[in-house]
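I have placed the structure first, in the form of structure tokens, so that the comments after it can refer back to it.
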Amino acid sequence: MNTLFPIFLKLEELHTLVVGGGNVGLEKLEAIFRNSPKAKVTLVSPEIREEIKALVAHYNLNLIQEKYHISHLEGIDLVTAGTDSKEVNRQVRDDCKTKKILVNIADTPDLCDFYLSSVVVKDDLKIAISTNGKSPTFAKRFREILEEIIPESLQETLNNLQAIRNKLKGDFQSKVQKLNEITKVMQE
Ligand SMILES: C[C@@]1(CC(=O)O)c2cc3[nH]c(cc4nc(cc5[nH]c(cc(n2)[C@H]1CCC(=O)O)[C@@](C)(CC(=O)O)[C@@H]5CCC(=O)O)C(CC(=O)O)=C4CCC(=O)O)c(CCC(=O)O)c3CC(=O)O
Ligand SMILES: NC(=O)C1=CN([C@@H]2O[C@H](COP(=O)(O)OP(=O)(O)OC[C@H]3O[C@@H](n4cnc5c(N)ncnc54)[C@H](O)[C@@H]3O)[C@@H](O)[C@H]2O)C=CC1
């Protein structure tokens, strides 16, 4: 059973720290900015890939070219680390625990408070997929399947439902009933 609790974060309201400026750091940044282009992010790493440096021009990304230190957690809400040093990753995790900051250590599920997911996006609809850490590749493939089958008309449907939702009068119960009636056709 998958006991992970899914949430959708407003990363523009939080300050995220990425530790490690290699392939993993780049992948995490891409996942962050693909979903949340206005996310506020700091990356700390003694060496930083050129592709990461190029992102600074387009996003709210601050680079600190230093070795990680606990002082980098000042003002930080969320951390993802993927350095090539197990000791550094463990230190980041321990410091985050001390400071009560949620942390993801990319290649060590046991050290993670949260995992990243595969993400299907179609306009306002977003579906996050987790395999409980069993197979990220399955998550990626399943995302591709869902991306194929979601209809083009989806945004229109969501806009219409929002308009109806805003117009509905009456108490909460009657609104719920009406919206369930209208959307029943989706099951057929
Ligand atoms: C636990 C978790 C923690 C976390 O990173 O948050 C984790 C851990 C690990 N990933 C590893 C490997 C790979 N990860 C990917 C890809 C993705 N990994 C992602 C999430 C997660 N990866 C979390 C669990 C998610 C879940 O529940 O399914 C995705 C969904 C989201 C994202 O990273 O943005 C993104 C797909 C996005 C998309 O395309 O939709 C690929 C495939 C590829 O790159 O093509 C491979 C290689 C093939 C393979 O191994 O499957 C390894 C082994 C490292 C080693 O062998 O050394 C570990 C460590 C371990 O398992 O021990
Ligand atoms: N590249 C990938 O897709 C995957 C990598 N991994 C593992 O994840 C780890 C990282 O991989 P890559 O990003 O490819 O390595 P990389 O060598 O490209 O990057 C490592 C980064 O960590 C930084 N770093 C080292 N010490 C640091 C410190 N004290 N503070 C802050 N940053 C520090 C380095 O400067 C470098 O930018 C490796 O252990 C690798 O085996 C696991 C799964 C997939």
Side-chain angles (χ1 to χ4, degrees), residues 1-11 14-37 39 41-56 59 61-99 101-122 125-150:
M1 187 181 143
N2 185 332
T3 56
L4 297 165
F5 184 72
I7 58 172
F8 291 89
L9 296 170
K10 296 185 176 176
L11 283 194
L14 303 172
H15 191 163
T16 303
L17 180 72
V18 178
V19 185
N23 297 310
V24 171
L26 176 62
E27 280 170 21
K28 297 301 169 194
L29 286 177
E30 284 171 347
I32 289 169
F33 291 127
R34 200 183 311 121
N35 281 284
S36 307
V41 183
T42 295
L43 181 137
V44 61
S45 181
E47 285 168 68
I48 301 177
R49 284 181 66 124
E50 288 306 315
E51 295 96 318
I52 292 176
K53 291 182 180 161
L55 294 174
V56 170
Y59 298 104
L61 173 62
N62 172 36
L63 302 181
I64 304 177
Q65 197 143 3
E66 291 171 12
K67 282 188 180 174
Y68 163 80
H69 183 266
I70 191 169
S71 62
H72 296 123
L73 296 180
E74 207 54 52
I76 293 296
D77 302 296
L78 201 69
V79 172
T80 173
T83 77
D84 51 2
S85 158
K86 290 247 174 261
E87 291 71 37
V88 173
N89 290 346
R90 161 62 76 165
Q91 188 63 50
V92 173
R93 194 260 185 188
D94 290 348
D95 291 347
C96 287
K97 283 285 139 193
T98 305
K99 302 201 77 144
I101 298 171
L102 294 180
V103 64
N104 167 277
I105 306 294
D107 64 349
T108 319
D110 285 349
L111 298 183
C112 291
D113 290 326
F114 65 93
Y115 299 155
L116 279 75
S117 56
S118 272
V119 181
V120 184
V121 191
K122 186 76 191 164
L125 182 73
K126 182 169 278 189
I127 304 170
I129 303 164
S130 157
T131 67
N132 215 6
K134 290 262 165 72
S135 173
T137 298
F138 176 91
K140 181 179 77 174
R141 288 295 182 207
F142 196 61
R143 162 175 68 75
E144 289 167 354
I145 293 169
L146 292 182
E147 280 169 348
E148 282 286 310
I149 63 169
I150 294 174

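Read the numbers this way: they start at 1 and go in the same order the structure lists the ligands and their atoms. Heads up: numbering here begins at 1 and tracks the sequence.
- Ion pairing of K97 with D113 is present here, as a side-chain N (NZ or NE/NH1/NH2) and a carboxylate O approach within less than 4.0 Å.
- Closer than 4.0 Å to atom 53 (C) of ligand 1 lies none of the heavy atoms of the protein.
- Atom 3 (O) of ligand 2 has its closest protein heavy atom at E27 OE2, 3.5 Å.
- Remark: atom 41 (O) of ligand 2 lies closer than 4.0 Å to no protein heavy atom.
- Between K99 and E74 there is a salt bridge, since a side-chain N of the basic residue sits under 4.0 Å from a carboxylate O of the acidic one.
- Both the backbone and the side chain of V24 come within 4.0 Å of ligand 2, judged by heavy-atom distances.
- Near G82, meaning under 4.0 Å from any of its heavy atoms, are these atoms of ligand 2: 10 (C).
- The residues R143 and E147 are annotated as salt-bridged, a charged nitrogen and a carboxylate oxygen being separated by less than 4.0 angstrom.
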Requested in this report: Report the C-alpha separation of N35 and F8 in whole Å, then their side-chain angles, then the decisive distance to 0.1 Å, and conclude whether the side chain to side chain contact (heavy atoms under 4.5 Å, CB included) test is met.
Outcome: CA-CA 10 Å; N35 281 284; F8 291 89; over 6 Å; no
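- Within 6.0 Å of NZ in K67 there are 12 or fewer heavy atoms belonging to other residues, nucleotides or ligands.
- Between S45, A81, S85, it is S45 that holds the heavy atom closest to atom 34 (C) of ligand 2.
- Numbered from 1 in the order shown, with element, the atoms of ligand 1 that lie under 4.0 Å from a heavy atom of G133 read 24 (C), 26 (C), 27 (O).
- For atom 60 (C) of ligand 1, the nearest protein heavy atom lies under 4.0 Å away.
- There is a protein heavy atom less than 4.0 angstrom from atom 31 (C) of ligand 1.
- Among all non-hydrogen protein atoms, the one lying nearest atom 9 (C) of ligand 2 is T83 O, 3.4 Å.
- With a heavy-atom cut-off of 4.0 Å, P109 touches ligand 1 through its side chain alone.
- For the residue pair T108 / N89, no side-chain donor-acceptor distance below 3.5 Å is found, with atom types taken as modelled.
- Nearest protein neighbour of atom 1 (N) of ligand 2, counting heavy atoms only, is N23 CB, 3.4 Å.
- Classified by interplanar angle (parallel below 30°, tilted 30° to 60°, perpendicular above 60°), the ring pair F142/F138 is parallel.
- The shortest heavy-atom distance from E27 to ligand 1 is not under 4.0 Å.
- Between E87 and R90, no side-chain nitrogen of the basic residue sits less than 4.0 Å from a carboxylate oxygen of the acidic one, so the salt-bridge criterion is not met.
- Closest to atom 8 (O) of ligand 2, if we only count protein heavy atoms, is D107 OD2, 3.5 Å.
- Contacts of V19 with ligand 2, taken as heavy-atom pairs under 4.0 Å, involve the side chain alone.
- Distance remark: protein heavy atom present below 4.0 angstrom from atom 28 (O) of ligand 1.
- Ranking the protein heavy atoms by distance from atom 30 (N) of ligand 2 puts Y68 N, 3.0 Å first.
- Contact annotation for atom 44 (C) of ligand 2: protein absent (non-hydrogen atoms, distance under 4.0 Å).
- Every atom of ligand 1 with a heavy atom of S130 under 4.0 Å away is listed here by number and element: 27 (O).
- Ranked by closest heavy atom to atom 27 (C) of ligand 2, the top entry among P136, G22, P46 is P46.
- Put simply, no part of K86 is less than 4.0 Å from ligand 2, judged by heavy atoms.
- Selection from D84, N89, I105 by nearest heavy atom to atom 20 (C) of ligand 2 gives D84.
- Heavy-atom separations between K28 and ligand 1 include at least one value shorter than 4.0 Å.
- The shortest contact between atom 37 (O) of ligand 2 and any protein heavy atom is with E47 O, 2.8 Å.
- For I129, no heavy-atom contact with ligand 1 is shorter than 4.0 Å.
- Atom 29 (N) of ligand 2 has its closest protein heavy atom at V88 CG2, 3.4 Å.
- Remark: atom 5 (O) of ligand 1 lies closer than 4.0 Å to at least one protein heavy atom.
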